[in-house]
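The block underneath contains the structure these notes are about, expressed in structure tokens.
By convention in this document, chain letters (A, B, ...) are assigned in the order of the sequence lines, proteins followed by strands, and residues within each chain are numbered from 1. In this text the structure is predicted, and so the values were computed from the model without any measurement.
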Protein chains: 2
Amino acid sequence: MLKKQLIMEKALELFSEQGFEATSVQQITERCGISKGAFYLSFKTKDELLFSMVDYYLQQFIADIDHVVRNSNNKDIMLVDFYKNIFQAFKKHAASSRVFFNEKVFLTNKELFHKVSAYEADMSKSIVQMLEQLYREELQETKYDVMYCVKGFMKSYAELFIFSDLPLDLDQLAQSLAEKTDIIARHTTIPFITEELAQLVARPCDQEITQESLLQLIDQSIQNLEPSIERESLELLKNQVEQTTYSQAIIKGLIENIRLQPGCQWVVYVLDKYFQF
Amino acid sequence: MLKKQLIMEKALELFSEQGFEATSVQQITERCGISKGAFYLSFKTKDELLFSMVDYYLQQFIADIDHVVRNSNNKDIMLVDFYKNIFQAFKKHAASSRVFFNEKVFLTNKELFHKVSAYEADMSKSIVQMLEQLYREELQETKYDVMYCVKGFMKSYAELFIFSDLPLDLDQLAQSLAEKTDIIARHTTIPFITEELAQLVARPCDQEITQESLLQLIDQSIQNLEPSIERESLELLKNQVEQTTYSQAIIKGLIENIRLQPGCQWVVYVLDKYFQF
DNA sequence: TATACTAATGACTAATCAGTCATTTGTCAA
DNA sequence: TTGACAAATGACTGATTAGTCATTAGTATA
């Protein structure tokens with residue numbers, strides 16, 4: 001399915017330059033060097049392209065964040081790591097950030113709005129998880145508030161990457177925001193966001209990972225890979241989902257094999273959760 | 001120019017529901033109960049409508065914030081007042097917030113992007129001014145950072161008003177954010193946003209208020225008013241700009257007369273600055 | 001080479017759009 | 001009542017769009 005990826009990448013460029021509505025299918029196919037008909041072999045409609053792109057790009061972003069939160073053992077630098085990764089992602093994916101954090105379509109198309117909201121809820125959950133790891137029960141009353149502050153810092157400082165390409169010291173930025181987050185976490189006494197409120201806003205409840213949905217996701221991801229070690233790893237993992245025979249170590253190793261594979265971040269994220277790493 | 005206002009209001013509703021690109025002039029005129037031709041008597045193009053709307057709605061928003069910052073004498077409640085007003089505005093103008101904080105057009109149309117950036121810069125300036133009043137020289141190193149945090153809080157918590165209509169306790173929210181801002185201001189030691197960086201990002205330098213540009217603005221605003229005390233006040237103020245004869249008290253009174261007049265917030269904001277209140 | 005199949009093409013359609021302009025309607029003063 | 005002017009109309013134009021489909025190109029098998 002390399003054609004699909006090509007289309008999504010070129011479409012991202014164009015959407016980032018002109019927006020979704022203002023970009024025609026013709027323009028996309030011209031930039032891809034393919035015909036209009038070929039486009040409709042990959043995607044049924046222009047809307048379906050956008051849906052696929054949301055999955056393709058937001059999954060990468062969310063999975064990235066989650067990985068940092070889960071794999072940072074050193075609490076002293078967890079926050080710094082978190083912010084450094086976030087802004088590295090913003091820097092690297094400035095184009096997709098522009099599109100997915102600013103496109104109006106996401107507010108007007110209900111289905112799409114839910115999709116994006118669900119990913120945002122995943123991100124919020126990761127942040128709360130990180131805060132719980134860092135501060136344990138000290139933060140019981142205010143953790144959702146602190147999460148909102150973290151998201152606010154992200155949104156505000158991300159503008160530096162999205163709207164300009166100034167050379168910025170990522171390390172200092174990460175340290176600065178880590179300090180701010182720590183200060184807020186330690187000193188806040190008047191919470192506003194209760195757990196209930198946080199859940200009301202993030203309504204789109206994350207759907208459970210079922211064996212069936214995971215197998216479907218793996219099949220889909222396999223199609224994105226050329227025959228290779230990575231593809232073989234994913235096929236072995238598929239068997240493990242159907243019937244676990246290998247040890248945790250082997251399974252973890254197989255997941256690591258595909259962690260950096262483009263288009264596979266999401267399946268890695270879901271596999272991590274499924275096998276409880 | 002009541003027709004113009006009608007069109008802008010109905011267009012805002014539609015843009016808020018569907019976005020700018022997806023809304024046709026036909027739809028706008030249908031909701032207004034006017035013909036297509038009548039639309040083009042008020043606005044030369046669909047783009048010109050958007051330009052006018054940016055001025056009309058963002059000026060209200062910015063002027064609102066500036067007024068709080070300038071007129072709050074009590075430092076203890078200045079921050080609370082600030083946030084309460086901000087979120088009252090978000091609540092009241094949820095539709096325009098949705099449009100102007102999420103429309104992609106603003107990123108792809110250069111001229112429009114500069115317009116919006118200029119208003120954002122005005123807002124940033126007001127916030128820095130408030131922080132200077134509150135913390136004097138204690139905050140010299142970190143005030144631009146704190147300003148970015150304030151904007152982050154605004155962006156993050158505004159989602160509560162823009163995307164849902166849950167009943168929220170504005171007072172508690174304002175207090176909660178005021179506390180957070182105060183905490184950040186007092187404890188931050190690692191700044192990231194320097195004055196230089198802040199100015200680089202907010203490039204679109206605010207243009208100076210000249211007598212000429214002010215007179216032009218007043219003329220424009222007068223056209224939005226029916227004959228009334230308010231209109232007379234504005235006409236008197238126009239004379240005062242050309243040649244000051246009245247005392248400060250009278251001028252201030254005349255400005256107060258029109259402060260709450262719809263469509264006049266911006267001229268009030270500029271008059272405030274011009275007469276140095 | 002012949003056959004069967006899939007992948008890819010691009011001219012085409014029907015719909016929609018922004019913007020125009022000849023015409024009508026409404027409103028004054030004379 | 002008339003005539004002169006401005007306000008408002010909506011059918012129309014030309015351009016552009018998403019999506020289709022009859023045709024062709026490419027490739028693998030027999």
Inset, instruction - Have a look at B:I34 and say if it touches a base, only the backbone sugar-phosphate, or nothing, with a 4.0 Å heavy-atom cut-off. - result: sugar-phosphate
Inset, instruction - Could you check how far CD1 of B:I28 sits from C1' of C:dG19, rounded to whole Å? - result: 13 Å
Inset, instruction - Take A:G37 and A:T23, find for each the nucleotide of DNA chain D with the closest heavy atom, and name the residue whose nucleotide sits nearer the 5' end. - result: A:T23
Legend entry - Candidates C:dA7, C:dT20, D:dT9 - which lies nearest the side chain of A:L41: C:dA7
Legend entry - Any B:K46 side-chain N or O less than 4.0 Å from OP1/OP2 of C:dC17: no
Inset, instruction - Establish, from distance only, whether the side-chain atoms of B:S124 and B:K151 form a donor-acceptor pair under 3.5 Å. - result: yes
Legend entry - Ionic contact status for A:K115 with A:E111, cut-off 4.0 Å: no
Inset, instruction - With heavy atoms under 4.0 Å as the rule, sort A:S42 into base, sugar-phosphate or nothing. - result: nothing
Inset, instruction - Let me know the distance between OH of A:Y40 and P of C:dA8, rounded to the nearest Å. - result: 17 Å
Inset, instruction - Please determine if a side-chain N or O atom of A:K36 lies less than 4.0 Å away from the OP1 or OP2 oxygen of C:dG10. - result: no
Legend entry - Length of the CG-C1' vector between B:D47 and C:dA18, whole Å: 10 Å
Inset, instruction - Flag the pair A:E256 and A:R259 as a salt bridge only when some basic side-chain nitrogen lies within less than 4.0 angstrom of an acidic carboxylate oxygen. - result: yes
Inset, instruction - Report the distance from atom CG of A:L49 to atom P of D:dG19, rounded to the nearest whole Å. - result: 11 Å
Inset, instruction - Please state how far atom CD in B:Q27 lies from atom P in C:dC17, giving the value in whole angstrom units. - result: 7 Å
Inset, instruction - Specify whether B:F87 and B:F161 have parallel, tilted or perpendicular ring planes, treating 30° as the upper limit for parallel and 60° as the lower limit for perpendicular. - result: parallel
